[in-house]
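In what follows, chains carry the letters A, B, and so on, assigned in the order in which the sequence lines appear, proteins first and then strands, with residues in each chain numbered from 1.
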Amino acid sequence: MLLVPCPVCGPKNAAELTYRGETHSRPDPNQATPEEWRSYLYLRDNPAGWLREGWFCSSGCRTFFTLERNTTTGELREPLLPGNKVAGRPISDGTEP
Amino acid sequence: MSNHRIPDAPGQLINRDVPLTFTWNGRRLRGYEGDTIVSALLANGITITGRSMKYHRPRGPLTADYWDPNTTVQVGDEPNVRASHRLLRDGMNVSAQNVWPSLRFDLKSANRLVGRFLTAGFYYKTFMKPAALWPLYARVLGTFAPGGVVDLDAPPPRNDKRYAHPDVVVAGGGPAGMAAALAAAQAGASVMLVEHEHQLGGHLCWGDDTDRAEAARLAHAVRAAGVEVLTDATVTGRYEDNWLAISQRGLPGIDERLIKARAGVLIVAAGTIERPYVFAGNDLPGVMTSGAVRRLITMYGVKPGNRAVVFTANPSGDAAVVALEAAGVTIAAVVDGRLGGNVVAAHGRNRVRRVTLADGRRIDSDLLITAVGWTTPTSLLNMSGDRPVYDPEAARFFPWCPPDNVLATGGLAGDGTTEQLVAHGEATGLLAAARAGVVRHRLQHLTRRAEPVTTPEPAWPADERPPLPHGSHPALFRSTTHGIVDYSEDVSSKDLVQAADEGFDSVELVKRFTTTTMGPSQGKLETVNTVAVLAEARGETIEQVGTTVWRPPYAPISLGALAGRIHEPVRMSSIQPWHEAHGAQPILAGQWIRPNHYGDPESEVRNTRNRVGIIDITPLGKLDLQGPDVPKLLNLLYTNSWNALPQGAVRYGLMCAEDGVVLDDGVTGRLGPEHYLMTTTSSGAATVWNWAENWLQTEHPDWQVHITPVTTGLTSINVAGPDSRQLLERLTNDIDLGPDAFQYMQVRTGTVAGVANCIVWRIGFTGELSYEVHVPSGFGLFVWEQLLVHGQDLGVAPFGLEAQRIMRLEKGHFIVGQDTDGLSKAPVTGLETLLKVEKDDWVGKPEVVWALSRGDGPRIVAVQPTDPTVVPEEAAQIVAAGTNQILGRITSSRFSPTLNRSVCLAQVHPDVATPGTTLTIVLANGTRTTAQVMEHHAHFDPEGSRLRG
Amino acid sequence: MRQTSPVIKQRRAAKYSLGGLIRRGFSKESWPRVWREPEFGSHYDVVIIGGGVHGLATAYYLAANHGITNVAVLEKGYLGSGGSGRNTAIVRSNYLTPEGVAFYDRSLTLYNSMARDLNLNVMFSERGHLTLAHTDSALRTMHWRAEVNKLQGINSSVIDPAEVKRLTPSLDVSENVRYPILGALYHPPGGTIRHDAVVWGYARAADAYGVDLHQKTEVLDVLCTGGDGPEGKGPGGRVVGVRTSRGDISAPLVVNCTAGWASTIASMAGVRLPITTHPLQAAVTEPVKVFLPTVVVSGSLHVYVSQTDRGELVFGASVDPMATYQMGGTLEFTEELASHVLELMPGIGRMRLLRQWAGLCDMTPDYSPVMGPTPVEGFHVDVGWGTYGFKAGPVSGEQMAACVANGRVPELIAPFGLERFSRGDLVGEKGAAAVGH
């Protein structure tokens, strides 16, 4: 089982966390066209390779965080801290590897 | 039995001082403590231990170890016991499997006669006509299912689980594995050594005196060094990040234990498995591998036959000759494969009688021993992502490039003397300990709240082990004749050639077409022979053909061990014991168990409508929200507006997901300036909590809101009915319950029955005047009992979930998830006034706005069947009259004791949602009935005068 | 699509029969190759990506029903190496929505006559399919499915625990267990089939019509022109061929019949899909004498189980929550599986798990496939098959072949178009349990 490094609790068995899937930015709900909104709701890159994804430390500290995982090798990159990096808004602040 | 046992000698594991009795197919036999079932059977002269799957050919011990495909037996109520591994116990009831009607006389062996027609995949080519008969054919084929019998009424096995976090796990307790474990432990690592067999030592156990002395020395040193040694245990799986599954068998009182270990480094020292040889008659009882006879003679003191032909191509075969001679077996011939000798066929009916050699000699014998080479059990390496490579010079596969935290040693990695293997093991153990140290450092570094690690991460130790040599071995897989390749599936080399000729010529296709490697052996003995036969048929090399993937588990593991003790907790309120003592019928609702009713739900309804009832609604989800930005959160999560909720007020709200689908609903009350209590549906409590946290952390981390789940911290009781105010007034003196002081949709905090800090809100899911009392749960039962005591004269009585469901349905309240479904967008509810399109942002807004403008979504409507006695089933379909075209369905339906007629909610197409429309309902029995769409959702008291009273 | 000829005669394939087995048993004459190893062509009228049951069935029906035989099926591994060979081979048609029911019922019809149609015994075992309900709400969903099914003429009904016990004695229907069995949706026509045989049957029959089956041929790119995106890909463009590990092929029509790699292939044409890829795990026990006569599914316990004619219990569960293309499997799957199956059948705790494996499932938001044309002209998809692709193989092939050949979307698959997502008109199968077997 994958060890997922929660930024607060440290590495934990993946089963102790909740997987939240591919992150994607939320369009402005008052401006988005149906096409854009439904692209946000339904369409996914689903890459065979590096994927930015959300995790939730549901059985621990309850932190939502994102990390990057390679969907073909299982490799992980440094998790991102909550607050300055948020799921649903994959904005880089320059600290990621 | 004496003429099948040899005298006591060093190395024997049996204790002749402790005789054991057991039965074999009902016959009483004797063995010794330390015997395996098979060694005891052979000692009694029994050489046929089972019959083959397809042709029901007689089979006897082949490898005499755990992987022996021919010695699977039934022991009591346990099927498929590996009799060459399982130790004999006194009183064991052992029987042969796959025999019909008996082991000696098996009618299905008639299949041998028609074998020429039962070619690979024959069933794909026939039984097609007449189609109606195929089920019959299938049933007959089903009786050929191999394996033992499951006794469904047997007491369940006892199993438990354990977690472990060793630095190093060593899979395999032979010389290299023991040396590795010892070196790693001496280097400071915590080490677990897992040995598949009953004792440490590996192949040294059936070696000579020097071998056994070395095994004993290492075994002693390993234990002295503090290594945790598990015998009769197998590392069955290696998963991501060295998450290991270890099956531990033969424990007192425990059938099998699953150990889940997170290892820093895994050392695979699984040794080698001796390969059977493919030739005509190679599955006759009496044909054995060299390892089999060496084990039987050396460890169990069994003389496996009287006259042997030995076909040897390696030192193990040579050693078998020595062992056989020592046991008093006549060596009829030694055929050396290194010098070009070969065996062509074994003959006999129920065991070997004669052997034909390539040089034309025909030799009478009852044993044919083969030593033709090794299969490397690279299973754990494959599970780690490695793809082992074939070395034609050594005629076996070797590890290629396992991940950094998996190391191979011993026979798996190469050949060598015991000293060389031990030296390689030591080097591997040291490397593993060093790497495990780095892994430990990393894990601690990532755990930022643990004791901080200040030292820099050590460099990753390079693998500088001198490799073990790859010895030279003749490539011996198949003779000039055809024989069995997969013993457990009864697949012959001829079948494989035929499959390849038909076009099933890749290793995966041939496997699927013939089922080779798919049986209980799972390729341990037959994968390499399969590949070799296929390569020969295709005119390719073994490297070109490649192998199939070894999948977990390495050794079969029982369902009981995987399940462990089953932990499925149930949630209950603090009042549940009272309910159970008072005749409540329980109902499971998600994780909760709660009273459905106390005997008569309809009278519970009447009592609540006419007097006063109390219900335990603790499973209601409850979230305590505090902070200045709570209104922002409520505005985001709910569809309606929360800007001006006064302190002391409660409001109903509906939640959607981003796709506009109804997610949950409930009321939220404002208890203080920055303090709110939110309720959710029982099933939605966790979802909403996570949902709210998600929005706060990911989209609005600047908002100051703190959420605490208090579902079980508060016991919730609804006091409902015309006399509910009167009852509650008797139990509180600091809350003014006057109709004007405490109005509908308001909340108060105060003391109830002397219990402080209760939250009381006045709402009405049942449609009655009612108060929901949230009591600190330690006092829940007390308050419940006080309500019953003080309301006795008022006729207070408890009511359950069923009565509440009836009353809410009489009132037309929908239930999220029952009256709505996974595609129901918010307009389905008909609560347009709650969908505030002018609000800036709320979850799901765009979809709800578009759905409103389309107006073509289904609607929830109240429905009254024309015949008031007809109660349509929930899920009964609503169709266009005279057709099967579905227009909707009944989502809730009950007989109303209040109205004395059926009451329903339905989800229908908007074209038939207009009040007054006549609907056609198809009942479950197929009859059709009609119903009217009603004006209001509420069947009862649509003005709400009762709950506002 | 121009039809090359109205009726193409199938080249003669060896007829499989009992008589043939006996004759060849005596004569030792071997059977001919099941399919050819064809030359690699540089142009085809239709290129089908994916040599599983969907791709092969599409190829077969293009030839058999529409006379289109200049067709290549490209498979990066061996035929049936993906989901077709990894599923648990359960077929049924008791879906929740009318469109789902109609579609899968057609598939079941085709499965029923497949052995005769393809002259290969696919070992269809119509043994009855039970979906257990452990809660009131699950029971309500079973009733919902049963009522919809009945209106569509599907044999499907809700039965009580006593009837469940009668049909499947090994199930524990007592009340004092954590998840009591309150009833079940019973679907007598459901059953199991030999999945590999279905693959080989279609492959053999398509090959006999002249379809080229290229194994070990990986598609590296989809060649497009005129589209909005880079290299002429994307909406507004059209497909002109594919680039493979063995060379380029020009083709005006390309059908993406992959699973697991549907998003990857679609992105080669500049098409985004509503798909995430998750492993679905399965496991098999050592064989024991046959005791389980039906297919048993429990949505609440996330498990389904059936027993093969060989005596093995075959288990499956719902897809793993984490999206990945890795198929290593997890220990947790086997642990949960075992604990749940022992809830249902406490007597089998001593049976041993022999092998676990995983396949890749392309999950869509509404548990329904994506079929038909895309914004790239000539680039069709038959993807998003989640955990139910095998059941739908025959009908998907038949309908996709019609779609490609006629240039019109057949009625049966019209509800499953890609455009439903941008329109927000999802199919209602999500109402059914996530364990859809």
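Contact of B/Glu874 with chain C is made through backbone and side chain together, with heavy-atom distances under 4.5 Å. Proximity to chain C (any heavy atom under 4.5 Å) is restricted, for B/Thr891, to the backbone atoms N, CA, C and O. Using a 4.5 Å cut-off between heavy atoms, B/Glu240 touches chain C through its side chain atoms alone. Interface residue B/Leu923: only backbone heavy atoms are found under 4.5 Å from chain C. Only the side chain of B/Arg854 has a heavy atom closer than 4.5 Å to any heavy atom of chain C. With a 4.5 angstrom heavy-atom cutoff, B/Ala500 touches chain C only via backbone atoms. Proximity to chain C (any heavy atom under 4.5 Å) is restricted, for B/Trp243, to the side chain, taken from C-beta onward. Interface remark: C/Glu175 contributes no atoms to any contact with chain B (heavy atom separation under 4.5 Å). Contact annotation for C/Glu336: neither backbone nor side-chain heavy atoms come within less than 4.5 Å of a heavy atom of chain B. Within the 4.5 angstrom heavy-atom criterion, no atom of B/Val549 approaches chain C. Interface residue C/Arg194: only side-chain heavy atoms are found under 4.5 Å from chain B. Interface remark: B/Pro586 contributes no atoms to any contact with chain C (heavy atom separation under 4.5 Å). Heavy atoms of B/Asp255 lying under 4.5 Å from chain C belong exclusively to its side chain. Proximity to chain B (any heavy atom under 4.5 Å) is restricted, for C/Glu37, to the side chain, taken from C-beta onward. With a 4.5 angstrom heavy-atom cutoff, C/Val341 touches chain B only via side-chain atoms.
Judged purely by distance below 3.5 Å, without hydrogens or angles, the side chains of B/Ser488 and B/Ser521 pair a donor atom with an acceptor atom.
Salt-bridge formation is not detected for the pair C/Lys165/C/Asp172: no Lys NZ or Arg NE/NH1/NH2 atom is positioned less than 4.0 Å from an Asp or Glu carboxylate oxygen. Between C/Asp425 and C/Arg420 no salt bridge is recorded (no basic side-chain N to carboxylate O distance below 4.0 Å). A salt bridge does not link B/Glu489 with B/Lys54: none of the charged nitrogens is closer than 4.0 Å to a carboxylate oxygen. Contact check on B/Asp501 versus B/Lys494 returns no salt bridge, with no Lys/Arg side-chain nitrogen under 4.0 Å from an Asp/Glu carboxylate oxygen. A salt bridge is defined here as a Lys NZ or Arg NE, NH1 or NH2 lying under 4.0 Å from an Asp or Glu carboxylate O, and B/Glu256 with C/Arg350 fails to meet this definition. A salt bridge is defined here as a Lys NZ or Arg NE, NH1 or NH2 lying under 4.0 Å from an Asp or Glu carboxylate O, and B/Asp505 with C/Arg33 meets this definition.
In this structure, B/Arg889 forms a cation-pi arrangement with C/Trp144, its terminal cationic atom sitting closer than 6.0 Å to the ring centre and no more than 45° off the ring axis. Geometrically, B/Arg512 does not engage C/Tyr78 in a cation-pi contact defined by less than 6.0 Å to the ring centre and at most 45° from the axis.
The aromatic rings of B/Phe513 and B/Phe504 sit parallel, their planes meeting at an angle under 30°, below the 60° perpendicular limit.
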